[in-house]
Amino acid sequence: MNPTYEPQEIESRWYERWEKAGLFRPEYRPDGEPFAVVIPPPNVTGSLHMGHALNHTIHDVIVRRKRMQGYSVLWVPGTDHAGIATQNVVERDLANEGLSRHDLGREAFIEQVWEYKRKFGNRITEQIRRLGNSPDWSRERFTMDEGLSRAVREVFVTLYEQGLLYRGNRIINWCPRCATALADIEVEYEDVDGTLTRIRYPFADGSGSLVVSTTRPETMLGDTGVAVHPDDDRYTSAIGKTIRLPLLGRLIPVFADDSVDPEFGTGVVKVTPAHDPNDFDMGQRHGLETIVMMDEAGSVTGDGGNFAGMDRFEAREAVRRALEAEGALVGVEPHRHSVGHCYRCGTVVEPYLSLQWFVANSQFSKPAIDAVADGRNRFVPKRWEKSYFNWMENLRDWCISRQIWWGHRIPAWYCPDGHVNVGRVDPTECAECGSQVLAQDPDVLDTWFSSALWPFSTLGWPDQTDDLARFFPNSVLVTGFDIIYFWVARMMQMGLHFMGDVPFRETIIHGLVRDSAGFKMSKSKGNTIDPLDVAEEYGADPLRLALIQAANPGQDVPLDMEWVRGARKFGNKLWNATKFVLGTVESGSVPADGGYPQDPGPAESWILGRLGQVVSRFDDLCDEYRFSDAFGVLYNFAWSEVFDWYIEISKTTSDLPATGQTLGVVMRDLVKLFHPAMPYLTEELWEQLVGKGLVAGSDWPQVPVYPVPDVMSDLQEMISGVRRFRAEQGISPRKRLELGVFDANHVISDWSVDLIERLGFVDVELLESEPDTGHSRVVAGRLSGFIGLDGVIDLDAERERLDKAIAVAAGDLARVEAKLANPQFTEKAPPAVVAKENGKKAELSDLMAALQSQRDAL
RNA sequence: GGGCGUUUAGCUCAGCUGGGAGAGCGCUUCCCUUACAAGGAAGAGGUCGGGGGUUCGAAACCCUCAACGCCCACCA
């Protein structure tokens, strides 16, 4: 073995062997209970970031452990076509050559994107491999592959037939830069400092005017009405009058509507039905005309008079100036308000009236709520259920059409008469009028439409495949809280609707990876850490361990390179411990399973007993997805019990029969337990210890129950006590001390004496009674130690030490006595608690007395 | 405006059903003892955000205040 742990070298050696062994396929354990999970498909042209690394590490830890526990595990990998995001990337490339997608035309452009996908589509999957993840690559899917496209079409057509999917003219969110509609949740709101413009709207009959307020004065070009609240006394007389719209001179009515807030501004609202959802509703209620004054690029249309052709923000200023010139501008004041931005490009979105396809969302909400409420699906942590419910309860219809080219084309065809043909196969003539002139809808579907089907489309649906029968519903879904609405909620809706069941039984929500200062990692902030760079510098295993050590459900993960370095140190420790064990047991001689000794000595029994407890605790915590806690328990056990104590103990007990065997077995089980987090390193150590097969394919430890002898903690306390004495008195570790041990309860053996002598670096004499004078007492459970002080120490320092110990004991004793003196406590507290306090009191009294006599004898 | 969460050691966080304040990192002192100095041994450090209440007993349960963070909402 290398003298030290070299992660990078090791990590190039194992992936192929795992794959060749077929480990990642559920067929590896054909008879196991199925356990299925699907990867949240990353953008196909994307690159791995730390959020992926966290998500995948959690997946892999779950999946590798389940595999070792005997489940038939399927982890489906794949990528998402990421409609707008990918199209934007390719368009940016084209722009560098001075081209737009329109220069290429639709077909050539799409071919270009496919080319891009072929070129970069492997990058992210390669990165996923590099970090040691173990999905079943033979079942890798892409949201636009043939099968998934068929699933998308099937869902679209079925929903259409069921009347749950329709086409309609609505106000949607429009991104003028991407030139497409967006769903409500694709808009990110941000408070910005804007202005509120007050405009005077004169009555046509010259009898006065009303003053309206708006944050978007340019929209007045599309005004077709003015509204006040019906109960607003100030304006009762205005209702029914006609306004002559400034700048354009259009005549528009004043009407009353409940939705107007009399408290806001002047209590008078200009109504622009084509460019505001509220106004649209009012327009519907009052039969107003809709005038689209802005086009797809955000420029003023021909209906905007002199302003036609201007960009919306340019028009905003121009309209204001024109109003001022006309004397209609009352004032402009600062106004902080929330403005929506495109989640893909950050451009300010416009509410925009257009003809789009929608999913009648409300129909899907109740089943999706019920499924979580009655526990068919469980959120971990549970508090996210509230957000989920809240969102589900307030759903508006989902706008699914996008005016881009990259994605699943909407399977709807229109004849010249406007008849709509939707079908599973492309129509050749209009079903209504027989026209053979048909044009397919140019739009594509929202990326999330196909993502919503992922848990069953990847298993072969709509075909009734074996995988579908075996692995649906999935066991768990692991994702971040940021896509609960985008993804989790919609998978739930579609799973329930099309499969009649929840798509997965548990929804595991993890946090965000943050930088060491607690800030969200983002490209714009420049604080991102590339997981591949980390793997390059420190290794993938250390990165994985660092991430999983911080990953409790719902909790953000702060990542500092210190944590990664710490994880690598731990890897090094495991490495060296194994090297030591190999000095005792022959390489390759440790059995893959079992091998626990029949008749262990006390130290063996202790470490094996503790190992059993730790495995059981670790399993419980993993089953609750509390990985941070689980690995904390394991890490501490390995380091402070196995390495710091057991290995040291084993050096002194070479004559005990089970030592070598136990060392090998304990080390092997540690290797198994750490394998889900550090797959490469543990595989390397397994090769050294066991030499046959792979840890990845081994069985999870099942440790028989061993008693944990109390004497072990007595001995440890005795040894620590001697060491503490040494440190406090400034006595060199090389000076051998005399230690008298009084063992009133006869708990120790020759072996114990040997242990104390070696680890404490003392000569032990067993005492028949406690000596009176000339010693320093070491309290160690049922044992008492007496260090000979002759010529060893500074008496003053020893007095000080004793005084400190006495003060501490006295304080503790006083507290216990006060508690016991309180009749309320002795009467009302449970007897067990009272008994415990009494025991404590006796113990402390003895200790006090002993220390005091020690002090007096000095 | 509504909802959720956080506040425990210098830092990151455990502490689940109320019964002697914990871990890792960092820090201090000593030690290159033949697995490991990417290490070992020993140690310092906290009025558990403030206030009130329930209880024999509260970091934990209830109320309240404060600070910070996040999500949702048609703030013209």
Side-chain angles (χ1 to χ4, degrees), chain A residues 1 3-5 171 184-185 189 191 196 212-216 219 227 259-261 264-272 276-281 335-338 351 381 383-384 386-387 390-391 394 396 481-482 484-485 512 514 516-518 520 549-550 552 554-560 562-563 565-566 568-584 624 626 628-629 632-633 635-636 639-640 643-644 647-648 651 719-720 723-728 730-734 758-759 761 812 815-816 819 822-830 832-834 836-837 840:
Chain A
M1 277 178 91
T4 52
Y5 167 46
I171 295 272
D184 293 342
I185 52 172
Y189 287 91
D191 273 357
L196 198 58
V212 300
S213 318
T214 176
T215 53
R216 294 181 297 153
T219 60
S259 70
V260 177
D261 175 7
F264 189 93
T266 53
V268 184
V269 183
K270 59 188 272 312
V271 181
T272 323
D276 184 280
N278 242 344
D279 294 4
F280 181 78
D281 292 343
H335 180 67
R336 193 164 175 81
H337 64 133
S338 179
R383 69 184 140 86
W384 285 107
K386 275 185 201 160
S387 312
N390 184 51
W391 189 74
N394 297 300
R396 302 203 311 162
F481 58 76
D482 50 333
I484 291 178
Y485 303 148
L512 258 41
R514 296 175 176 274
S516 51
K520 197 166 153 178
Q549 273 180 322
N552 265 349
Q555 216 146 42
D556 285 346
V557 173
L559 186 71
D560 190 309
E562 270 313 310
W563 311 155
R565 278 191 281 272
R568 192 187 50 181
K569 284 184 189 177
F570 178 77
N572 190 52
K573 191 75 183 172
L574 269 183
W575 182 269
N576 281 298
T578 302
K579 234 168 50 183
F580 171 79
V581 170
L582 290 171
T584 309
E624 293 169 45
R626 293 171 56 180
S628 173
D629 297 334
V633 166
Y635 181 99
N636 286 325
W639 204 310
S640 48
F643 304 152
D644 286 347
I647 285 190
E648 292 310 311
K651 291 178 186 172
I719 292 160
S720 293
R723 289 168 173 169
R724 194 176 310 116
F725 174 81
R726 232 185 251 281
E728 281 169 1
I731 298 167
S732 160
R734 277 182 301 274
R758 300 215 199 192
L759 294 189
F761 204 64
D812 289 349
R815 215 172 308 124
V816 173
K819 208 174 200 179
N822 182 354
Q824 300 274 38
F825 172 72
T826 46
E827 282 161 27
K828 295 192 179 176
V833 174
V834 178
K836 201 170 150 195
E837 291 296 316
K840 231 189 284 179

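Chain A is the first sequence line, chain B the second, and so forth, proteins listed ahead of strands; every chain is numbered from 1. Quick caveat, the model's predicted, so the values are computed rather than measured. The figures that follow rest on heavy atoms only: side chains count, while hydrogens, waters and symmetry mates do not.
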Hey, does [X] reach any base, or is it just sugar-phosphate, or nothing, if we go heavy atoms under 4.0 Å?
{"X": "A:P558", "result": "sugar-phosphate"}
{"X": "A:S338", "result": "base"}
{"X": "A:S720", "result": "sugar-phosphate"}
{"X": "A:P830", "result": "base"}
{"X": "A:Y485", "result": "sugar-phosphate"}
{"X": "A:V260", "result": "base"}
{"X": "A:R724", "result": "sugar-phosphate"}
{"X": "A:K828", "result": "base"}
{"X": "A:I171", "result": "nothing"}
{"X": "A:F481", "result": "nothing"}

For a 4.5 angstrom cut-off between non-hydrogen side-chain atoms, does [X] reach [Y]?
{"X": "A:V833", "Y": "A:F825", "answer": "yes"}
{"X": "A:D276", "Y": "A:R216", "answer": "yes"}
{"X": "A:Y5", "Y": "A:N576", "answer": "no"}

Choose from [options] the nucleotide whose nearest atom is closest to any side-chain atom of [X].
{"X": "A:D644", "options": "B:A41, B:A76, B:C31", "answer": "B:A41"}
{"X": "A:R734", "options": "B:A76, B:C31, B:A38", "answer": "B:C31"}
{"X": "A:R723", "options": "B:A42, B:C56, B:G39", "answer": "B:A42"}
{"X": "A:Q555", "options": "B:A76, B:A14, B:G39", "answer": "B:A14"}
{"X": "A:N576", "options": "B:C75, B:C56, B:C36", "answer": "B:C36"}
{"X": "A:N822", "options": "B:C56, B:A35, B:C74", "answer": "B:C56"}
{"X": "A:F264", "options": "B:A76, B:A14, B:A35", "answer": "B:A76"}
{"X": "A:F825", "options": "B:G24, B:C56, B:C30", "answer": "B:C56"}
{"X": "A:R383", "options": "B:C4, B:G40, B:A35", "answer": "B:C4"}
{"X": "A:N572", "options": "B:C31, B:G24, B:C36", "answer": "B:C36"}

According to a strict under-4.0 Å criterion, is [X] in side-chain N/O contact with OP1 or OP2 of [N]?
{"X": "A:R626", "N": "B:C16", "answer": "no"}
{"X": "A:S628", "N": "B:C13", "answer": "no"}
{"X": "A:K651", "N": "B:A35", "answer": "yes"}
{"X": "A:W384", "N": "B:G3", "answer": "no"}
{"X": "A:K386", "N": "B:C71", "answer": "no"}
{"X": "A:K569", "N": "B:A38", "answer": "no"}

Look at atom CZ of A:R336 and say whether more than 12 heavy atoms of other residues, nucleotides or ligands are closer to it than 6.0 Å. yes
Provide, to the nearest angstrom, the distance between the [atom1] atom belonging to [X] and the [atom2] atom belonging to [N].
{"X": "A:L759", "N": "B:A42", "atom1": "CG", "atom2": "C1'", "result": "15 Å"}
{"X": "A:R565", "N": "B:G39", "atom1": "CZ", "atom2": "P", "result": "13 Å"}
{"X": "A:F580", "N": "B:A38", "atom1": "CZ", "atom2": "C1'", "result": "19 Å"}

Q) More 5' along RNA chain B: A:T826 or A:D812, using each one's nearest nucleotide? A)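 Of the two residues, A:D812 wins.
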RNA chain B nearest-nucleotide lookup for A:I185 and A:E837: closer to the 5′ end is A:E837
For this session: Please check if any side-chain donor atom of A:N572 sits under 3.5 Å from a side-chain acceptor atom of A:K569, or the reverse.
Result: no
Q. Do the ring planes of A:F570 and A:W639 sit parallel (below 30°), tilted (30 to 60°) or perpendicular (above 60°)?
A. tilted
**OP:** For the pair A:N636 (side chain) and A:G632 (backbone), establish whether a donor and an acceptor sit closer than 3.5 Å, ignoring hydrogens and angles.
**Re:**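 Checked: pair present.
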